[in-house]
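Shown next, in structure tokens, is the structure this report addresses.
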Amino acid sequence: MREQDRAYGLTRRRMLGIGGALGLMAATGLSASAALARRPPITGAELRSAVPLPPAFRVPLPIPAVLAPVSTSGGVDRYEITQREVTAEILPGVRTPLWTYEGAFPGPTIESRRGRPITVTHRNELPVPTVVHLHGGRTPAESDGYPTDLVLPEGWPEAGMHTGHGMHDPRGVVTKLTRDYTFPLDQRPALLWYHDHRMDFTAPAIWRGLAGLQIVRDDAEDALGLPAGRRELPLMIADRAFAADGGLDYPALDPTLRERPGVGGPYLAGVLGDVILVNGAPWPVHEVDAARYRLRILNASNARHYELEAVSDDGRPLDLVQIGADQGLLAEPVTHRLLPIAPAERYDVIIDFSGVPVGSRVRVVNRLGSGRTRDVMAFRVARNATDDSRTPGTLSNDLPTWRRSDAVRVRDFSFRTGQMRGGHGWLIGGLPFDPARSDVTAGLGEVEVWRLIADVHHPVHLHLVGFRVLSRSGRPPLPHDAGLKDTVSLRPGESVEIITRFDGYRGRYLFHCHNAEHEDMGMMANLEIV
Ligand SMILES: [Cu+2]
């Protein structure tokens, strides 16, 4: 019996989404609305690791290295990243092969300034084609990482546009071995992330390690006096599972990721791991001063949602003061005790350890997890310290103020399970992704309202533009919907209205579900800006 089959048996009760809500419907005859009203906390099935796992809060939190440019002349910062396989020690004493950017998982962080363009030359030394997308980037279409804009590795057959389903895209721009991606970064300061976006194989490529952070800053944000330097921590949260040989476990139908895309039965709704990594370390711990810190949180998990809570050793919850969303600073801070975060969402949060006794801990837990997946990481308050940082009451005044009356049209999209190529798929508006089909054509500068409706959890992401959340199931947005977003978490049975303006660049972009398994199994659509 394969390890994941055994895991399936053991985790059946935790399996939700199609295996849960929809399976529940089949088994009990419940109506869809009744099943969905149960609001399963998880969409996906959990793999169980086959190696011993370390205790929580022992491994130190790594901070990804900042990538040095190879050149800064001519007003452009130039970077080079080699995509290559390495073996790393993620779990103590366990050797794990990874696919990486520049040998590291997470990849190196790119630090950039608003309006200062960068060029990143990616070199593909992996065994399969790759595509790089800068998530949250306001990027010209030719550098946005359309899924068929493949970078072929050495020796890959010339019919490289074969995508696994035999789907040929005549508009795909394929390069051999390297590709230069240019990012103007004419956008609000924000935490972005770059990751693989290859047609049909995004989920396993990210799972194997192809993800890194990019931070955009500007003078106005620097002047706010927020915690900075070593008191600003990027936190990339991602779940993974480990096979008996130490490798990352993943239920790919084709483990070489060459031909046949997709995952096996119970994992169709999403692949979850039983190990929570932060910056690539399992349940890490970080020593902090008794002072304010700025946490820049990314959920880089394929399918796992979190509801984060910070709790001191004496059981006291700490405020999570949100100052930013996916696309940068809020207008004013929003205080949370519980912070939901869906795949690909980012939250910029101030946490104040000054009231926590020196020598004690603050644990970050996931209220949606159970057993070991309930823990995320911990902070150990090591020392008293002075703190001249601030959390200003006004953070920004440049957020778009689009109103419904500005919209030239309203579009409706359903995000639902369905049939695709004779098997199970995930569909937008009843259709699986087809690069050749025109789904949305919007004029440059036009404002639109989109109404999105979901069956199970679907974190919906638009390339190129940020948007604001107008409503959830006819009610006002939730507190964590504030600000400018590029990914919105649709909960089971929910409808969400967003408003955006399609500006920046013309060309072919995408919108899609950022449950990475859903994305690979059809849940993408074309967004053409003309
Ligand atoms: Cu989805």
Side-chain angles (χ1 to χ4, degrees), residues 32-33 36-37 39 43 135-136 138 188 190 305 322 324-328 330-332 334 336 339-347 398-417 426-431 439-504 509-515 518-519 523-529:
S33 58
L36 293 171
R39 292 256 163 129
T43 293
H135 183 122
R138 195 169 131 103
R188 303 181 88 230
H305 290 241
Q322 185 191 350
D326 304 329
Q327 286 285 315
L330 307 182
E332 55 202 35
V334 178
H336 307 278
L339 188 60
I341 180 165
E345 282 189 306
R346 285 91 70 211
Y347 287 93
D398 65 338
L399 282 169
T401 54
W402 308 305
R403 290 161 305 168
R404 284 175 193 276
S405 55
D406 298 330
V408 299
R409 64 184 69 82
V410 177
R411 300 184 199 259
D412 290 278
F413 298 102
S414 65
F415 288 75
R416 291 200 175 100
T417 185
W426 293 97
L427 313 178
I428 299 177
L431 298 170
D439 296 296
V440 168
T441 303
L444 187 72
E446 286 180 347
V447 175
E448 295 195 359
V449 169
W450 287 14
R451 295 193 293 227
L452 316 170
I453 184 163
D455 55 0
V456 293
H457 290 95
H458 298 292
V460 175
H461 170 48
L462 272 62
H463 286 216
L464 183 65
V465 292
F467 54 78
R468 306 203 68 175
V469 179
L470 287 176
S471 72
R472 282 186 181 266
S473 292
R475 289 187 289 277
L478 295 168
H480 65 270
D481 291 326
L484 193 62
K485 295 184 59 63
D486 58 44
T487 306
V488 62
S489 176
L490 308 189
R491 299 175 301 179
E494 197 168 45
S495 63
V496 170
E497 284 181 304
I498 61 172
I499 187 167
T500 190
R501 181 167 186 268
F502 294 101
D503 63 2
Y509 293 90
L510 290 168
F511 64 102
H512 61 89
C513 178
H514 221 293
N515 174 313
H518 297 189
E519 172 181 348
M523 203 167 251
M524 291 201 291
N526 285 304
L527 166 59
E528 186 101 25
I529 318 280

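Qualifying ring pair (Phe, Tyr, Trp, His ring centres under 6.0 Å) partners for W402, counting only residues two or more places apart in sequence or in other chains: none. Applying the ring pair (Phe, Tyr, Trp, His ring centres under 6.0 Å) criterion to F467, with sequence neighbours excluded, gives no partner residue. Not counting sequence neighbours, the partners of S471 by the side-chain hydrogen bond (donor to acceptor under 3.5 Å, both in side chains) test are E497. Listed by chain and residue number, D503 satisfy the salt bridge (Lys or Arg N to Asp or Glu O under 4.0 Å) test with R501 (two or more places apart in sequence, or in another chain). Scored by the side-chain hydrogen bond (donor to acceptor under 3.5 Å, both in side chains) test, R472 finds D481, E494 as partners (sequence neighbours excluded). Partners of H480 under the side-chain hydrogen bond (donor to acceptor under 3.5 Å, both in side chains) rule, at least two apart in sequence or in another chain, do not exist in this structure.
Here the side chain of E528 pairs no donor or acceptor atom with the backbone of D439 at under 3.5 angstrom. Counting only distance, with no hydrogens or angles, the side chain of R409 and the backbone of A407 share no donor-acceptor pair below 3.5 Å. Between the side chain of H461 and the main chain of D486, a donor-acceptor pair closer than 3.5 Å is present. Put simply, the side chain of R451 never gets that close to the backbone of V410: no donor and acceptor are under 3.5 Å apart. Judged by distance alone, the side chain of S489 and the main-chain N or O of P459 form no donor-acceptor pair under 3.5 Å.
The distance from atom CE of M523 to atom NE2 of H514, rounded to the nearest 0.5 Å, is 14.0 Å. Taking CG from N526 and OH from Y509, the interatomic distance works out to 13.0 Å, rounded to the nearest 0.5 Å. Expressed to the nearest 0.5 Å, how far NZ of K485 lies from CD of E345 amounts to 4.0 Å. Separation of atoms CH2 (W426) and NE2 (H518) is listed at 4.0 Å; rounding is to 0.5 Å. Between the CG atom of L510 and the CD atom of E519 there is a distance of 8.0 Å, given to the nearest 0.5 Å. Here the CG atom belonging to D412 is positioned 11.5 Å from the CH2 atom belonging to W450, to the nearest 0.5 angstrom.
Judged by distance alone, the side chains of H463 and H512 do bring a donor and an acceptor atom under 3.5 Å apart. In summary, the side chains of H457 and H305 do not present any donor paired with an acceptor at a separation below 3.5 Å, with no hydrogens or angles considered.
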- Task: Please lay out, stage by stage, how V456 and T417 fare under the test side chain to side chain contact (heavy atoms under 4.5 Å, CB included).
- Result: CA-CA 9 Å; V456 293; T417 185; over 6 Å; no

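Between V465 and E448, every side-chain heavy-atom pair lies at or beyond the 4.5 Å cut-off. Considering only heavy atoms from C-beta on, D326 comes within 4.5 Å of R346 through its side chain. A heavy-atom distance below 4.5 Å is found between the side chains of R188 and L399.
Heavy atoms of other residues, nucleotides or ligands lying less than 6.0 angstrom from CD of E332 number 12 at most.
Shortest non-hydrogen contact noted between T401 and D406 is O-OD2, 4.2 Å. Between H458 and C513, the closest heavy-atom pair is ND1-SG, 3.6 Å.
Between I498 and the choices L470, L462, V449, the side chain to side chain contact (heavy atoms under 4.5 Å, CB included) rule is met once, by L462.
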